[in-house]
Every structure is written in C-alpha cells, then in structure tokens.
Amino acid sequence: MSGIAFFGGTFDPVHHGHLIVARAIAEHRGFAKVAFIPAAVPPHKGQTHAVGEHRLAMLRAAVGAEDRFDVCDLELARPGPSYTFDTLGELRKRFGAELHWILGADMLEDLPNWYRAGELMDRATFVIAGRPGWEERMDEVFDKLSRRFTPEQVDALRQGVVPVPLIDISSTDIRRRVREGLSIRYLVPEAVEHYIHEHRLYLPAQA
Ligand code: ATP
C-alpha cells in the first residue's frame, strides 16, 4: 500500500457518496491515502453555494480521525479558477510526477473541455469512479473522448475505471433537501449535518 490519490471537487457539501467512493478506490488500488481538494472556483460550475471556508470545514469534519483520508486546501489558497492542470503542477513539485487524480464518471465526458486537456492527461493517472446511470452511456462517452485524446490517453482512462458501489447521492440533492426543509440524515456524516444547520447553509435567501 503506497501513495496518495487526490480527489478534487466542489464538495458543496461533501456527502457519503464521496466518502464511500474514496474508500473503495483506496482499497481497490492500494492507496495509503486519499486527499480531498476543494476547489475555490470550479471552472465548470462557476460560483459555489457555500464559501470555501465552510466547504473546507465540512470536509475536515467529515474526514475526522479517518487516517486514510486527508484534506488539502491548496486550491482554496490560490486565487482565480481552480484549474486541475495548475493544481497537478503544484502537486508535482511536492509529491513528484506519479500523481493520481480521482474523478466521478459524470465528469469524464467533460474532460475534453478542461483547461489544457491534452497535456492534463499526461500530468496524472486518472482514477474513475462510476456513478449511477453512467454504465449505459459508457461507450458513447469513450467515443467522445477518442475524438479529443490520443488512443493511448483514452486507453489509460479506460484502465482508470474502478468498480465502486454506485451511490445515488449528490450535493445538488442535499442542497435541495435543506432548502425544502427535508432531512439530510444518512446522506452526509452527522458532523456535516450539524455544521450545515448550525451555519444555516443552503437555506433559501431571506426576502
Ligand atoms: P453537485 O451535485 O453540486 O454537482 P456532486 O455531488 O457531483 O455535486 P462534487 O463535489 O461536484 O459533488 O463531486 C466531486 C467529485 O466527486 C466529482 O468528480 C464527482 O463526479 C464525484 N462524485 C460526487 N458524488 C459522487 C457519487 N455519488 N459517486 C461517485 N462519484 C461522485
């Protein structure tokens, strides 16, 4: 067991889908650690709902004492959009060139639109976690990828797919549930649930 896999995302908020998938990938690929990296401004999503400070605090609360998980604030410390290309450049200086980056399958399709996508492919090994509903679209997605990336890069992405439990939880649904006054118990760790309520996150804007 060795090495760290980096798991980038908005984590607005972090939920059990992220945590279950992170653990499954660490076990399956033998990573000693998974480090969660919350984006400051996600290039493909624009503004976040909760500020970076809250998203970071929720991640820290979620990870707690789990020694296989870590939280890294490198993107929050950098102004402007959080391009994964730049992040991998920084990580390379600290951890060397053998980097692993975790991605949910829903993001895979969008990879060709990422900043310096072609070079990005060679900056890390991408580890891909399935999400409910994506398997039926897998061929179509790889077809799209092969129009943008080299056959070697597409092959590396295919090899990066890890069988993980398919967990139908999303931050979008959690924010909706909070807005509508529904329970988010069991969808997020208890400490995250408390944090959201304590800081009155994701509630409808007051008139
Ligand atoms: P939103 O609903 O706001 O789009 P999200 O639930 O997709 O958020 P992100 O923080 O955007 O969460 O996700 C970070 C990374 O984790 C992405 O690569 C995403 O594909 C992946 N991911 C999120 N939820 C799951 C899940 N339930 N199963 C597998 N991967 C997931």
Side-chain angles (χ1 to χ4, degrees), residues 5-29 31 34-52 54-63 69-76 81-85 87-88 99-115 117 120 124-138 141 145 157 160-180 182 184 186-189 192-193 195-196 201-202:
F6 297 94
F7 195 177
T10 317
F11 304 111
D12 195 9
V14 59
H15 52 68
H16 276 135
H18 297 126
L19 298 166
I20 291 169
V21 155
R23 194 182 50 202
I25 286 177
E27 285 174 353
H28 194 271
R29 291 279 159 113
F31 294 117
V34 174
F36 295 87
I37 306 189
V41 182
H44 55 285
K45 284 190 183 172
Q47 272 320 311
T48 58
H49 298 265
V51 296
H54 285 316
R55 292 182 289 114
L56 182 68
M58 289 189 280
L59 268 169
R60 289 196 169 131
V63 163
F69 291 164
D70 242 332
V71 183
C72 166
D73 65 357
L74 172 149
E75 290 194 343
L76 291 176
S82 304
Y83 293 121
T84 304
F85 181 84
T87 305
L88 288 170
L99 298 170
H100 291 84
W101 190 265
I102 299 174
L103 206 63
D106 56 311
M107 292 280 148
L108 192 56
E109 189 166 14
D110 193 45
L111 265 183
N113 305 320
W114 285 26
Y115 178 63
L120 179 67
T125 301
F126 285 83
V127 183
I128 296 132
R131 265 186 109 158
W134 101 284
E135 271 180 353
E136 301 90 75
R137 299 201 50 244
M138 199 161 150
V141 170
L145 294 173
L157 289 172
V161 178
V162 174
V164 295
L166 299 181
I167 312 290
D168 198 2
I169 301 178
S170 72
S171 301
T172 302
D173 189 48
I174 290 162
R175 294 192 300 271
R176 177 192 63 81
R177 292 184 66 86
V178 175
R179 221 171 34 242
E180 294 178 5
L182 299 169
I184 53 169
Y186 316 128
L187 301 175
V188 297
V192 173
E193 184 191 352
Y195 190 97
I196 289 172
L201 302 181
Y202 309 123

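Atoms within each ligand, like the ligands themselves, are counted from 1 in listed order.
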(request) For E135, look at atom CD and say whether over 12 heavy atoms of other residues, nucleotides or ligands are found less than 6.0 Å away. (result) no

Report all side-chain donor-acceptor pairs from residues 12-22 shorter than 3.5 Å, counting only partners two or more places apart or in another chain.
{"unit_1": "D12", "atom_1": "OD1", "unit_2": "A50", "atom_2": "N", "d": "3.1"}
{"unit_1": "D12", "atom_1": "OD1", "unit_2": "Y202", "atom_2": "OH", "d": "2.6"}
{"unit_1": "D12", "atom_1": "OD2", "unit_2": "H49", "atom_2": "N", "d": "2.6"}
{"unit_1": "H15", "atom_1": "ND1", "unit_2": "G17", "atom_2": "N", "d": "3.0"}
{"unit_1": "H15", "atom_1": "ND1", "unit_2": "H18", "atom_2": "N", "d": "3.4"}
{"unit_1": "H15", "atom_1": "NE2", "unit_2": "H18", "atom_2": "NE2", "d": "3.4"}
{"unit_1": "H16", "atom_1": "ND1", "unit_2": "Y186", "atom_2": "O", "d": "3.1"}
{"unit_1": "H18", "atom_1": "ND1", "unit_2": "H15", "atom_2": "N", "d": "3.0"}

(request) Output the set of protein residues with a heavy-atom contact under 4.0 Å to ligand 1, ordered first by chain identifier and then by residue number. (result) F7, G8, G9, T10, F11, H15, G17, H18, V21, K45, L103, G104, D106, M107, G130, R131, I167, I169, S170, S171, T172, R175

(request) Taking atom CZ of R23 as the centre, report whether more than 12 heavy atoms of other residues, nucleotides or ligands fall under 6.0 Å from it. (result) no

(request) Return the set of residues passing side chain to side chain donor-acceptor pair (under 3.5 Å) with N113 (not counting sequence neighbours), or none when no residue passes. (result) D110

(request) For E180, check salt bridge (Lys or Arg N to Asp or Glu O under 4.0 Å) against everything at least two apart and list the hits. (result) R176

(request) Decide yes or no for T10 and S171: does some side-chain heavy atom of the first lie under 4.5 Å from some side-chain heavy atom of the second? (result) no

